[in-house]
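Heads up, the thing below is written out as structure tokens.
Every number for a ligand or one of its atoms is a count from 1 in the order of the listing. FYI, side chains are in, hydrogens and waters are out, and symmetry mates aren't considered; it's all heavy atoms of this structure.
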Amino acid sequence: MINEFSDRIDKIPSSGIRTFFDLVENAKDIISLGVGEPDFSTPWFIRDEAIYALEKGYTTYTSNLGLLELRKAIASYVERLYAVSYNIENEILVTNGVSEAVDLIFRSILNAGDEVILPTPMYVCYQPLITLAGGTVVPCNMADTGFSPDPDRIASLITKKTKAIVLCYPHNPTGMSISKSTLKKIAELAEKHDLWVISDEIYAELQFEPGFVSFANLPKMKKRTVLLNGLSKSHAMTGWRVGFMCAPKELVSRCLKIHQYAAMCVSSASQYAAAEALKHGDSAVTKMRKSYHQRAQLFTDAMNDCGLSTMMPDGGLYCFPDIRKTGLSSLEFATKLLHKHKVAVVPGTAFGEEGEGYVRCCIATQLNDLMKAAKRIQSFVKDPA
Ligand code: PLP
């Protein structure tokens with residue numbers, strides 16, 4: 001057996017979410033609030049479009065940038081919802097989920113030792129992908145600033161090596177969005193220090209109240225923003241693997257180089273389905289958003305009722321209860337809750353050490369099960385020892 005592997009890959013940890021869920025896999029009668037996926041199946045009109053594409057024999061590679069029809073649909077979707085316009089010829093790239101886009105971006109902008117400011121806790125993929133691209137992660141703790149990035153703290157972390165700031169709103173794992181005034185202050189910093197802003201807006205369509213502001217829409221920001229979005233969450237399409245980036249053409253052309261060698265294109269049937277979803281999906285998305293909103297409110301109330309202080313999320317699929325009053329660490333809480341009451345939640349530390357004291361609960365769970373899980377958590381909190 002050859003026993004030589006890349007040092008780079010051996011240095012990065014496996015996803016904390018997956019590690020915890022290996023425990024869940026074999027357990028019976030568990031209610032899982034774990035993996036961050038919509039509990040809806042993809043709406044039928046979207047599935048039908050993929051079936052038609054297959055029936056018509058549209059089964060070949062597409063353009064490396066993505067199917068023209070899909071890029072057109074993305075351009076009008078982004079223009080319609082976020083009032084930013086992008087050129088379909090060279091400013092939009094269709095990727096295998098937002099996950100691939102994140103990888104392409106860091107590999108395209110970072111040289112060895114370049115720093116990326118990452119507000120933490122944060123979704124799990126950024127840190128390892130920055131490290132794999134040779135960059136250095138500079139965490140910016142948000143746990144003591146209401147889970148919103150503090151522009152003054154970001155300013156204090158900027159050095160000559162800083163290349164980019166990563167934003168994600170509504171946020172995974174906390175559910176918090178970022179106010180327009182904070183976004184503007186971050187924009188000023190980006191302009192002053194000539195930084196990229198990687199804005200992961202995958203939950204934008206699931207912000208509960210209207211008024212989502214895309215970072216690219218702020219004055220002077222389009223030229224330095226990489227807007228990331230996709231259909232996994234908004235259109236209940238996690239398994240289809242369709243995401244996209246909208247960015248200046250100089251960056252898209254570099255990401256395209258890697259994408260064309262490493263992925264070629266996204267599955268063609270998925271792209272036909274995604275085009276249909278973006279063109280005609282608004283009412284389906286509204287229905288799903290309303291349902292998540294209702295469930296997030298009920299779950300937040302149930303957590304606050306039992307003394308686990310929980311902020312009502314601004315959007316997305318998660319609540320992030322503060323479990324510190326139980327005296328347990330996040331991992332102890334999640335492990336004991338799983339063994340004693342058969343509810344799976346993700347320890348906050350899966351999203352960085354700043355997530356200690358919290359657990360992530362996915363509210364995209366059938367209402368009956370969600371409320372049953374809430375009751376079990378309430379019983380657990382009474383006697384967590
Ligand atoms: N970004 C955030 C904030 C996420 O929560 C997720 C998935 O959970 C992703 C990106 C990856 O999504 P995709 O399915 O588009 O790769």
Side-chain angles (χ1 to χ4, degrees), residues 15-18 20-21 32-40 42 46 66 70 74 77 92-106 116 118-130 142 147-149 164-178 197-207 212 214-215 226-246 255 259 262-263 266-267 270-271 273-274 277-278 285 292 296 313-320 345-346 348 350-352 355 360-365:
S15 160
I17 304 181
R18 290 284 152 203
F20 191 73
F21 278 87
S32 178
L33 311 184
V35 178
E37 294 210 80
D39 61 334
F40 294 100
T42 307
I46 302 173
L70 174 55
I74 291 169
Y77 175 80
I92 297 173
L93 175 62
V94 179
T95 53
N96 287 283
V98 167
S99 307
E100 189 207 1
V102 173
D103 185 31
L104 300 178
I105 291 157
F106 290 132
V116 179
L118 190 60
T120 48
M122 188 57 108
Y123 175 59
V124 294
C125 83
Y126 311 108
Q127 180 145 7
L129 293 177
I130 292 167
M142 300 194 286
F147 294 122
S148 176
I165 303 171
V166 179
L167 299 178
C168 169
Y169 61 102
H171 184 257
N172 179 3
T174 68
M176 295 296 119
S177 208
I178 306 179
V197 175
I198 293 145
S199 189
D200 184 344
E201 302 178 7
I202 194 168
Y203 295 103
E205 275 294 87
L206 300 183
Q207 180 165 298
F212 179 86
S214 176
F215 200 83
V226 188
L227 190 167
L228 298 178
N229 209 326
L231 291 94
S232 288
K233 316 289 175 169
S234 53
H235 294 76
M237 292 180 71
T238 47
W240 300 72
R241 311 309 303 131
V242 188
F244 54 90
M245 72 166 76
C246 300
C255 291
H259 175 75
V266 172
S267 148
S270 293
Q271 293 194 61
L278 295 183
V285 172
Y292 298 138
D314 294 314
L317 305 177
Y318 315 104
C319 287
F320 204 53
V345 297
V346 184
F351 308 94
R360 189 191 78 173
C361 305
C362 177
I363 53 81
T365 303

**Item:** Distance filter under 4.0 Å to Cys168 heavy atoms, resulting ligand 1 atoms
**Value:**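 Selected atoms, number and element: 3 (C).
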**Those atoms of ligand 1 less than 4.0 Å from some heavy atom in Arg241** =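 Counting atoms of ligand 1 from 1, those under 4.0 Å from Arg241 are 13 (P), 14 (O), 16 (O).
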**Prompt:** Any donor-acceptor pair under 3.5 Å linking the side chain of His171 with the backbone of Pro121?
**Reply:**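 The answer is yes, because a donor-acceptor pair under 3.5 Å joins these two groups.
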**Main-chain N/O of Trp240 paired to Ser270 side chain as donor or acceptor, under 3.5 Å** = yes
**Asked** Mind checking whether Ser232 and Val98 have side chains closer than 4.5 Å, heavy atoms only?
**Response** no
**Prompt:** Mind checking whether Ile202 has an N or O less than 3.5 Å away from an N or O of ligand 1?
**Reply:**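 By distance alone, the answer is no.
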**Asked** In the protein, which heavy atom is nearest to atom 6 (C) of ligand 1, and how far is it?
**Response**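 Result for atom 6 (C) of ligand 1: Tyr123 CZ, 3.3 Å.
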**Item:** Residue and atom name of the nearest protein heavy atom (relative to atom 15 (O) of ligand 1), distance in Å to one decimal
**Value:**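 Nearest neighbour among protein heavy atoms for atom 15 (O) of ligand 1, to 0.1 Å: Val98 N, 2.7 Å.
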If we set the cut-off at 4.0 Å for heavy atoms, which region of [X] has an atom near ligand 1: side chain, backbone, both, or neither?
X: Tyr126; result: side chain
X: Asp200; result: side chain
X: Ser99; result: both

**Item:** Nearest atoms (heavy-atom pairs only) where Arg360 meets Val35
**Value:**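 The pair with the smallest heavy-atom distance is NH2-C, 4.0 Å.
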**Selected option - heavy-atom contact closest to atom 8 (O) of ligand 1, from Glu37, Lys233, His171, Glu201** =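 That would be Lys233.
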**Asked** Does the gap between the ring centers of Tyr318 and Tyr203 come in under 6.0 Å?
**Response** yes
**Prompt:** Does even one non-hydrogen atom of Gly230 get within less than 4.0 Å of ligand 1?
**Reply:** no
**Complete:** Output for pair (Leu129 CG, Asp103 CG), nearest 0.5 Å, gives 5.0 Å
**Prompt:** Does a side chain donor of either Asn229 or Tyr77 reach within less than 3.5 Å of an acceptor in the other side chain?
**Reply:**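 No, no side-chain donor-acceptor pair sits under 3.5 Å.
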